[in-house]
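These notes are about the structure you will find just below.
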Amino acid sequence: MTGVSTRGTGVLDSVAEAIGHTPLVRLNRVIDDIRATVYVKLEYLNPGGSVKDRAALGMLLAAEQAGELRPGGTVVEASSGNTGLGLAALAAARGYRTVVVVPDRVSAEKKALLRAHGAEVHETPGLRPVDHPEHLRSVALRLTAEIPGAWFAGQYDNPANPAAHKATTGPEIWDQTGGRVTHFVAGVGTGGTITGTGEYLKEASDGAVRVIGADPVTSVYGGGDGRIWYVEAVGHFLHPETAADEWPESYHPEVVDGIERIADAEAIRVLHRIAREEGLLLGGSSGTAIAAALRTARTLGPEDVVVVVAPDSGRAYLSKYYNDEWLGSLGFPLTTKVNGPTVGDVVGGLDRDADLAAVPSGATVAEARVLLGSGPALPVVLQRTASGPTVVAEILGSVSAETLAGAPAADPVGAHLGAPLPFTGTSEPLQQALIRLAGHTGPVVIAHEGRAVAVIAGLAESTEQEETQ
Ligand code: PMP
């Protein structure tokens, strides 16, 4: 007995055949006093590194069969990275060219991986309404129209996406648990995974399996206001200027029995624990899904079996969820214990749920001047109809007396933006923050768990004040 399973030792004809048949791994240490069994389905073991290989293959085969994609053709997709990666790998093996449109906030690692597979990567700025010409989907559709022989995969509305999970992910989980699975938990991006797998498991169990979605707190799927968040590739963002909010056709909400809403900080805390206590290095959306699975499992008994999907690996996010500089700058939990004071320790009197003193992006120059008064620069933030804490990523730039000098009073403030103010987070070690912001004079935004909670005159000044008190 070597203890090594025989998965993947077969001889395969192509990379496509290596997709699927991923293992379930039991969580043993992070479960604390949970009595139910929790298994994680390790989708990062797919050859393209994520659960999206399954949808990519399903969509590609359907397009070939329908004659929409022909030899020498080009595959186009709008993707937060993983679907693009799955398509790029499969397309490379079949002789197609691949063009992937990604939002600019996607991790640098994912963009590098796409290029490594020979894909052409187009970046689009984030925070655009769906019908905006710079929105991900609009750019992908324009490129599809321009490139001869191009086929748009369209994972959000392509029935082959959920169908791939109904044909593979669902049956695998049913077989692997010998039909004992009682709860299925997955994040919702396009909805393909939860819809296809959930439909299969419900049919196989005569409706007994409960299907639970894991969603970022502010995502619209779980009832949030659509404000942006930091865990990539799950949830549904709603730009305030969106005329009609349309959900993907790949998502069938009627399959879902309940949604657990998970804050970014909770997802990140779970990720760090899973890496250190279970030996699994997982991507951000796995943190969201496993946090939801653990919350669900806490309410269950010893006979219950929870299966949760871990869509990809932490290797694609070493610059984010496992990088203390990125985490600290946003006020998220760090991977390591801090020696010495943090920014949160020295910037006193913070109301961590306060609305930020800021200029909304819809203001005119005259209105911005009133808000500024004789004070220092203020952040300009994406205007929203609902109130609530500003996410750091919603900061579009800054305004000050200098940036507005000579600007016509009726101009939109957006036409006179300065660079965004630098930010530091409550969890960042003070020494690190002082070094990082050393070249900067003027106001600094303080972040706590991804939200901008205050603007202070300057970090060095605040620290000195604190020391003389
Ligand atoms: N997690 C990651 C890392 C993903 O790339 C995706 C796909 N966008 C999801 C979760 C969500 O999967 P689905 O699109 O099937 O809902």
Side-chain angles (χ1 to χ4, degrees), residues 20 22 40-46 48-59 77-88 100-103 105-107 109-111 113-114 136-137 153-170 184-200 211-216 219-222 229-237 247-253 255-256 259 262 264 267 271 281-293 308-317 320-321:
T22 54
V40 182
K41 191 153 174 69
L42 296 189
E43 287 297 307
Y44 68 80
L45 291 171
N46 282 299
S50 88
V51 68
K52 300 302 307 204
D53 279 7
R54 298 176 188 264
L57 179 60
M59 293 191 293
E77 182 59 314
S79 164
S80 60
N82 282 329
T83 306
L85 208 54
L87 285 168
V100 184
V101 187
V102 300
R105 72 191 191 111
V106 157
S107 76
E109 293 92 325
K110 280 197 198 158
K111 287 180 253 186
L113 284 163
L114 282 165
L136 207 62
R137 188 183 152 80
Q155 56 174 331
Y156 285 88
D157 302 312
N158 188 331
N161 166 10
H165 293 284
K166 197 165 183 173
T168 68
T169 322
F184 173 67
V185 184
V188 189
T190 65
T193 307
I194 199 158
T195 297
T197 313
E199 279 177 3
Y200 180 90
V211 176
I212 292 127
D215 206 37
S219 158
V220 174
Y221 289 142
W229 56 91
Y230 282 96
V231 169
E232 283 180 29
V234 276
H236 189 69
F237 165 71
W247 288 12
E249 285 173 28
S250 298
Y251 181 39
H252 305 173
V255 179
V256 177
I259 291 202
I262 308 293
D264 287 330
L271 276 189
L281 186 72
L282 304 176
S285 68
S286 302
T288 306
I290 295 174
V308 51
V309 175
D312 67 357
S313 155
R315 285 190 185 213
Y317 309 94
K320 287 186 158 186
Y321 318 121

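Whatever order the structure lists them in is the order used to number ligands and atoms, beginning at 1. In what follows, residues are counted from 1 in the order of the sequence shown. Hydrogens, waters and symmetry mates are skipped; everything else that's a heavy atom, side chains included, is used.
The environment of CZ in Arg105 is crowded: more than 12 heavy-atom neighbours from other residues, nucleotides or ligands sit within 6.0 Å.
The nearest protein atom to atom 7 (C) of ligand 1, hydrogens excluded, is given as Lys52 CD, 3.2 Å; this is a heavy-atom distance. Scanning all protein heavy atoms for the shortest distance to atom 5 (O) of ligand 1 gives Asn82 ND2, 2.9 Å. Scanning the protein heavy atoms around atom 1 (N) of ligand 1, the nearest turns out to be Ser285 OG, 2.6 Å.
Contact of the Leu282 side chain with the Ile290 side chain is registered, since non-hydrogen atoms from C-beta on lie closer than 4.5 Å. Side-chain contact between Lys52 and Asn161 is present, with heavy atoms from C-beta onward closer than 4.5 Å.
In summary, the atoms of ligand 1 found under 4.0 Å from a heavy atom of Val234, numbered by their order in the structure, are 10 (C). Those atoms of ligand 1 with a heavy atom of Pro311 less than 4.0 angstrom away are 1 (N), 2 (C), 3 (C), 10 (C). In the vicinity of Asp312, heavy-atom distances shorter than 4.0 Å reach the ligand 1 atoms 3 (C).
One distance of note links OH of Tyr156 with CZ of Arg137; it measures 10.5 Å at 0.5 Å rounding. Residue Asp312 holds its CG atom at 11.5 Å from CG of Leu42, rounded to the nearest 0.5 Å.
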**OP:** Report the C-alpha separation of Arg54 and Glu43 in whole Å, then their side-chain angles, then the decisive distance to 0.1 Å, and conclude whether the salt bridge (charged side-chain N to carboxylate O under 4.0 Å, His left out) test is met.
**Re:** CA-CA 10 Å; Arg54 298 176 188 264; Glu43 287 297 307; 2.8 Å; yes
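For the pair Ser79 (side chain) and Gly84 (backbone), a donor-acceptor distance under 3.5 Å is present. Using a distance-only test at 3.5 Å, with no hydrogens or angles considered, no donor-acceptor pair links the side chain of Glu77 to the main chain of Val101.
Inclusion of Val51 in the set of residues having an N or O under 3.5 Å from an N or O of ligand 1 is not warranted. Polar contact with ligand 1: present for Thr190 (N/O pair, distance under 3.5 Å). Geometrically, ligand 1 and Ala233 share a nitrogen or oxygen pair separated by less than 3.5 Å. Considering backbone and side-chain atoms alike, Glu232 places every N or O at 3.5 Å or more from each N or O of ligand 1. On a distance-only criterion, Val188 and ligand 1 share no N/O pair closer than 3.5 Å.
With atom 15 (O) of ligand 1 as the reference point, the heavy atom nearest to it among Thr83, Thr193, Leu85, Thr288 is part of Thr193. For atom 16 (O) of ligand 1, the nearest non-hydrogen atom from the set Gly189, Gly84, Ser79, Gly196 comes from Gly189.
Distances from ligand 1 to the non-hydrogen atoms of Gly191 include at least one value under 4.0 Å.
Between Gln155 and Thr83, the side chains place a donor N or O and an acceptor N or O closer than 3.5 Å (distance only, hydrogens not considered).
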